[in-house]
There are 2 protein chains.
Amino acid sequence: MITDMADNSHESAGSASAAPPELRASTGYLLTRLGAESRRRWARMLAAHGMTPHHYGALMTLENVKVTHQQHLAELIGVDPRNAVSVVDFLERQALIERTRDPADRRRHTIRLTAEGRTTVETLRRAGEGIERDILDGLTGDEQLALHTLLQRLFEVTVDR
Amino acid sequence: MITDMADNSHESAGSASAAPPELRASTGYLLTRLGAESRRRWARMLAAHGMTPHHYGALMTLENVKVTHQQHLAELIGVDPRNAVSVVDFLERQALIERTRDPADRRRHTIRLTAEGRTTVETLRRAGEGIERDILDGLTGDEQLALHTLLQRLFEVTVDR
DNA sequence: TATTGTTATACTCTATAACTATA
DNA sequence: TATAGTTATAGAGTATAACAATA
């Protein structure tokens, strides 16, 4: 359960008294708030590894797609291509990814994980499992599965594709 | 459905090709991404009304709790009390809320909606319904309800209380 | 001493325009 | 003329420290 609500965060996730249920009538509001809370916890953990959520998202995505180019990667992680430049720059400097010119289209930068990148993404995934458990702990196993399935469906029909 | 993915947003929600399913293994990742997308759409709509998500969150929350003080409001909307000052300042300048000293504890600022504030929150809620429909359109009615229920449960056990 | 609210500041995230090089 | 990537910049969002008034 949320064991460390009195931690160093200055966001007020640990409210003293709950708002009435009617307040949370909008699914969009709940998504926004819960997304922010999830991002906050991930960001705190990743910062200890010198990373941001976008860095991790890029590594995780690359682990899946194996090879892609920069613009496509930006789309997959939900970041504007212009803002993705610094993300990719950072990961390349850390030698977690490698960026090479695509000979077929010399405008493109082919991107793939390095061996070190694969190790790092695995380490971060492990570290994230605790956060995941902590956030979902208040739900039953069935509820956790149902939520995941619905979020995945929603992701497919809104963000992705 | 998502009719305007080729709009003025420079976030890349409208991806050309989908990532493999394994990519979306983490519920926390899905929450983060979907929350960001929801916030993005709300922010775009609210900006047309000269507002931010926090402004709307504060108005909506006040409509529910009727009367509270600044620190408590900050907790309810998930913003650090120090960062909530400018939010409350803004809403007071727009005459959407009124802020008065609590006679019982003169450190506290009692906050409540004005009549104009109530009108505004209703207007914004209406404007938000389209966004809500748009985001959830790909799900069936049953799925929408199930998702809402689960998010509300999750909100209660993590963010709230 | 602790709490409510405030001011100030820095840092991250997001949005946007203008540019280079390739196609 | 369009696309991949880059540079630069401004604004919104978040985190943090130090402070005044009041309890």
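Chain letters run A, B, ... following the sequence lines, proteins first, then strands; residues in each count from 1.
The side chain to side chain contact (heavy atoms under 4.5 Å, CB included) check on B:A95 picks up B:E116, with sequence neighbours excluded. Not counting sequence neighbours, the partners of B:R112 by the salt bridge (charged side-chain N to carboxylate O under 4.0 Å, His left out) test are B:E98. Applying the side chain to side chain donor-acceptor pair (under 3.5 Å) criterion to B:D89, with sequence neighbours excluded, gives B:R99. Not a single side chain to side chain donor-acceptor pair (under 3.5 Å) links B:T120 to another residue, sequence neighbours left out. Under the side chain to side chain donor-acceptor pair (under 3.5 Å) criterion, A:D105 pairs with A:R107, sequence neighbours left out. For B:A127, the side chain to side chain contact (heavy atoms under 4.5 Å, CB included) criterion is met by B:M45, B:H49, not counting sequence neighbours.
The CD-P distance, from A:E75 to D:dG5, rounds to 10 Å in whole Å. Look at CE on A:M51: it is 18 Å from C1' on C:dC13, rounded to the nearest Å. Summarising the geometry, the separation between CZ on A:R44 and C1' on D:dT16 is reported as 14 Å, rounded to the nearest angstrom. Atom pair B:H72:NE2 and C:dT3:C1' shows a separation of 15 Å (rounding to whole Å applied). Distance CG (A:D80) to P (C:dA18): 15 Å, rounded to an integer number of Å. When rounded to the nearest whole Å, the span between CG of B:L73 and P of C:dT4 equals 14 Å. Remark: P of C:dT3 and CD of B:Q71 are 10 Å apart, rounded to the nearest angstrom.
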Protein-nucleic acid N or O pairs under 3.5 Å, nucleotides 19-23 of chain C:
from   : atom 1 : to     : atom 2 : distance (Å)
C:dA23 : OP1    : A:R106 : N      : 3.1

Practice task
Classify every nucleotide of nucleotides 6-13 of chain D by which part a protein heavy atom approaches to under 4.0 Å, writing B for the base, S for the sugar-phosphate alone and - for neither, in 5'-to-3' order.
Solution key: BB-----S
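A continuous path of Ile, Leu, Val, Met, Phe, Trp and Tyr side chains, each step under 4.5 Å between heavy atoms, connects B:M60 with B:L124, placing both in one hydrophobic cluster.
Pairs of residues two or more places apart, or lying in two chains, never qualify as salt bridge (charged side-chain N to carboxylate O under 4.0 Å, His left out) while including a residue from residues 45-59 of chain B.
A salt bridge is defined here as a Lys NZ or Arg NE, NH1 or NH2 lying under 4.0 Å from an Asp or Glu carboxylate O, and B:E37 with B:R41 meets this definition.
Contact annotation: A:H69 does not reach the phosphate of D:dA4 (side-chain N/O to OP1 or OP2, under 4.0 Å).
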